[in-house]
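One structure, pasted below without further comment.
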Amino acid sequence: MFEKILVANRGEIAVRVIRACREMGIQTVAIFSDVDRDGLHVRFADEAYHCGPPPARESYLRMERVVEIARRSGADGIHPGYGFLAENGEFADLCQREGIGFIGPSGDVMRAMGDKVTARQTMERAGVPIVPGTTRALSDEEAVAFAKEIGFPVMVKASAGGGGKGMRLVRKQKELTQALARARGEAKASFGDDALYVEKFVEQPRHIEIQVLADTHGNTLHLFERECSIQRRHQKVIEEAPGNGISPELRERMGKAAVAAAEAVGYVGAGTCEFLVDRNDDFYFLEMNTRVQVEHPITEAITGVDIVKAMIRAAAGEPLGLRQSDLRIHGHAIEARIYAEDPDQGFVPSPGEIVVYRPPDGIGVRVDSGVYQGASVTVHYDPMVGKLIAWGADRSEAIERLKRALSEFVVKGIRTSIPFHQKVLRHPVFLKGRYDTGFIEEHMDGGKGGAELLAGDEEARRVAFMLAAIAAFRRDKSRAKRASAAAPGAGAGDPWKDFARRSQLRGSFR
Ligand code: MV4
């Protein structure tokens, strides 16, 4: 087993990993950029090292530096969380060369899944259903010929893409040439790889994903499905487990497909197979995420399995100690992602100091967050500041608990997505559970809130973003003035005074 793990991340997921390590008796090392010196993950870790200036490219994404910090601190493992270096095959290779255990699959597995054309070939051979389409990269001429053959509408996708990046819906043949040119340009610019493939467009699909766990002893199993169709511009907003109206028979077929997908690439650790499910309940493999996902807690809630601990054990070469037949679904869980965004202003980021923070608690409630009262949210990283997860004996209890918990959640100083969640949770279509990936577009005014003008207009969004940053700066300044005027020591004192292990801050990188 690992003795000391460096957590190459920040925010709520870094805290989540540190908690698992603490429970396992593993020492932890945090890294932090200039603006994260007071981050919650820094407070929670046993040691913390500075890793660079605020831009991720110059701090959390510096592979050589992260490995150097691991070496200096004596860490024998690195957990990448999600985002940043989590799905970077080169980073996994580097860790391996340096003799540091990367907590995730090998670089080869990441590349096999990261390249969508390769992944589609692998899945086809493994008997996993894929969306009808091509299984090799195409020239423009080949793409046109193929689209005519399968018929419109089609989707043009970048082989190096994923998560909605480098994707084009083409409804008519005469739009195809331009779509191909744009998609190719975008793919080249974003990924340095302009390989494209074509798929039949699946109308009104649901996004259902299967959580997979695999060890190095040949055990691969699944932890059932999550429904993630409530998304806004490819950002998930609400997720639930199990999925709505997924029959035991469909669940078993999808679970077996996901296990076959993982086995086909020799997967180790925690991974997720994303599927589209159409109105006939036919399902198609889309992509595999080779990391722990934001929404993993809803699966933990319904299965009782600690997914982060399981991935650490698997990376250490230990057997999972679970069999598929041991696993059952208990009740229902729903997660609301709390974003520092203003739903009334077209979801512009809302950075600033969190002046008041009072998270909910009580039966069936879990909060995984990376912030605290007095913390500051910056514009440098993902605006998700935390997650609220409610568990209930059935879906309606989970919904009522989540509503109750949202009503208790007090966050002041920044705007959050909480009011938007409350709207979704009141919507009859959501309550029925009969929704698909078009839900926010169709039923929530496109998720525009009150500011229709802002949606879709990049320039207006940029201006709103800047205005929000200026407003946050002003608020912070006037607050700082008021705070320094107030009598010191009037409050409860330092809330961190009795914290178990205040981490030692070490090292500096510029
Ligand atoms: C599709 C699709 C329909 N047909 N592919 C979006 C994210 C990326 N992972 C794949 N996506 C889609 N691919 C075909 N052939 C519809 C989507 C899609 C979507 C998928 C999952 C969740 C939300 C979505 C929102 C819009 C489009």
Side-chain angles (χ1 to χ4, degrees), residues 82-83 87 113-120 123-124 128-135 138 143 146-147 149-172 175-176 179-180 183 186-187 190-191 196-210 225-241 243-244 246 254 258 261 271-291 293-295 335 337 347 424 429-430 435-444 446-447 455-456:
Y82 52 70
E87 294 181 274
M113 286 301 186
D115 185 88
K116 306 307 166 200
V117 165
T118 307
R120 282 169 59 78
M123 292 312 127
E124 193 170 52
V128 176
I130 57 175
V131 184
T134 65
T135 47
L138 307 170
F146 184 79
E149 193 184 310
I150 58 168
F152 290 86
V154 298
M155 286 204 103
V156 174
K157 296 187 177 184
S159 185
K165 275 183 280 178
M167 216 174 69
R168 280 271 186 303
L169 167 61
V170 186
R171 292 217 170 260
K172 295 190 188 85
E175 298 161 3
L176 183 57
L180 285 165
E186 245 174 61
S190 309
F191 318 114
L196 300 178
Y197 63 104
V198 173
E199 279 179 5
K200 183 85 191 154
F201 179 60
V202 180
E203 305 272 358
Q204 298 177 357
R206 298 163 63 188
H207 172 133
I208 306 281
E209 58 186 32
I210 306 274
E225 79 281 4
R226 295 185 285 257
E227 158 106 40
C228 308
S229 300
I230 309 276
Q231 307 200 356
R232 186 185 162 273
R233 299 179 176 204
H234 304 304
Q235 284 254 52
K236 293 170 188 165
V237 176
I238 289 180
E239 304 100 342
E240 50 184 318
N244 293 301
I246 303 288
M254 292 185 73
T272 299
C273 290
E274 289 187 9
F275 294 95
L276 290 181
V277 177
D278 70 14
R279 275 167 299 175
N280 304 322
D281 278 357
D282 285 324
F283 64 90
Y284 310 97
F285 174 91
L286 262 190
E287 51 196 76
M288 184 171 191
N289 301 316
T290 58
R291 58 167 193 271
Q293 290 200 236
V294 174
E295 60 271 27
E335 171 177 278
R337 296 188 182 195
F347 293 86
V424 172
V429 172
F430 179 82
Y435 58 80
D436 58 54
T437 52
F439 176 81
I440 288 182
E441 198 64 50
E442 285 162 38
H443 301 295
M444 301 299 293

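Counting starts at 1 for both ligands and their atoms, following the listed order. Quick caveat: nothing in here was measured; it's all calculated off a predicted structure.
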- Item | Considering all heavy atoms, the nearest Lys116-Ala158 contact | CG-O, 4.1 Å
- Message: Does the plane of the ring in Phe430 sit parallel, tilted or perpendicular to the ring in Tyr435? Use 30° and 60° as the thresholds.
- Response: parallel
- Query: How far does OG1 of Thr437 sit from CG of Leu276, to the nearest 0.5 angstrom?
  - Reply: 7.5 Å
- Query: Between Met155, Lys200, Gln204, which one has a non-hydrogen atom sitting closest to atom 15 (N) of ligand 1?
  - Reply: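 Selected option, by shortest heavy-atom distance: Lys200.
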- ligand 1 atoms in contact with Glu274 (distance to a heavy atom under 4.0 Å): 9 (N)
- Message: By the definition side chain to side chain donor-acceptor pair (under 3.5 Å), identify the one residue from Glu335, Gln231, Glu295 that meets it with Lys236.
- Response: Glu295
- Item | Option with minimal heavy-atom separation from atom 25 (C) of ligand 1, where the choices are Arg233, Gln235, His234 |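 Heavy atom nearest to atom 25 (C) of ligand 1 belongs to His234.
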- Which residue supplies the protein heavy atom nearest to atom 11 (N) of ligand 1, what is that atom called, and how far is it? Met167 SD, 3.5 Å
- Task: Within a distance under 4.0 Å of any heavy atom of Leu286, pick out the atoms of ligand 1 and give their elements.
- Result: 9 (N), 10 (C)
- Look at atom 20 (C) of ligand 1 and find which of Val131, Leu276, Val202 reaches it with the closest heavy atom. Leu276
- Query: What residue and heavy atom of the protein are closest to atom 8 (C) of ligand 1, and at what distance?
  - Reply: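 For atom 8 (C) of ligand 1, the nearest protein heavy atom is Gly164 N, 3.5 Å.
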- Task: Please round to the nearest 0.5 Å and tell me the distance separating atom CG of Asn289 and atom SG of Cys273.
- Result: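 Taking CG in Asn289 and SG in Cys273, the distance rounds to 8.5 Å.
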- Per-atom contacts, ligand 1 versus Thr437 - under 4.0 Å to a heavy atom: 21 (C), 22 (C), 23 (C), 24 (C), 25 (C)
- Task: Flag this pair as yes if the NZ/CZ of Arg120 is under 6.0 angstrom from the six-membered ring centre of Tyr197 and inside a 45 degree cone about the axis; otherwise no.
- Result: no
- Any side-chain donor paired with an acceptor under 3.5 Å for Glu209 and Thr272? no
- Message: Looking at every non-hydrogen atom in both residues, tell me the closest pair between Leu176 and Ala143 and how far apart they are.
- Response: CD2-O, 4.2 Å
- Query: Which atoms from ligand 1 have a heavy atom of Gln231 less than 4.0 Å away?
  - Reply: 22 (C), 23 (C)
- Short N/O distance, under 3.5 Å, between His207 and ligand 1? no
- Task: Please confirm whether Glu287 comes within less than 3.5 Å of ligand 1 when only nitrogen or oxygen atoms on both sides are compared.
- Result: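 In this structure, Glu287 places an N or O atom under 3.5 Å from an N or O of ligand 1.
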- Message: Please determine whether salt bridge (charged side-chain N to carboxylate O under 4.0 Å, His left out) holds for the pair Glu87 and Arg291, giving the CA-CA distance in whole Å, both sets of side-chain angles, and the decisive distance to 0.1 Å.
- Response: CA-CA 7 Å; Glu87 294 181 274; Arg291 58 167 193 271; 2.3 Å; yes
- Below 4.0 Å from any atom of ligand 1, is there a heavy atom belonging to Glu203?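 For ligand 1, residue contact (heavy atoms, under 4.0 Å) with Glu203 is absent.
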- Note on the structure: For Glu199, the ligand 1 atoms with a heavy-atom partner under 4.0 Å come out as 5 (N), 14 (C), 15 (N)
- Task: Heavy-atom contacts with Lys157 under 4.0 Å: which atoms of ligand 1 show up? List them by number with element.
- Result: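 Selected atoms, number and element: 1 (C), 5 (N), 10 (C), 13 (N), 14 (C).
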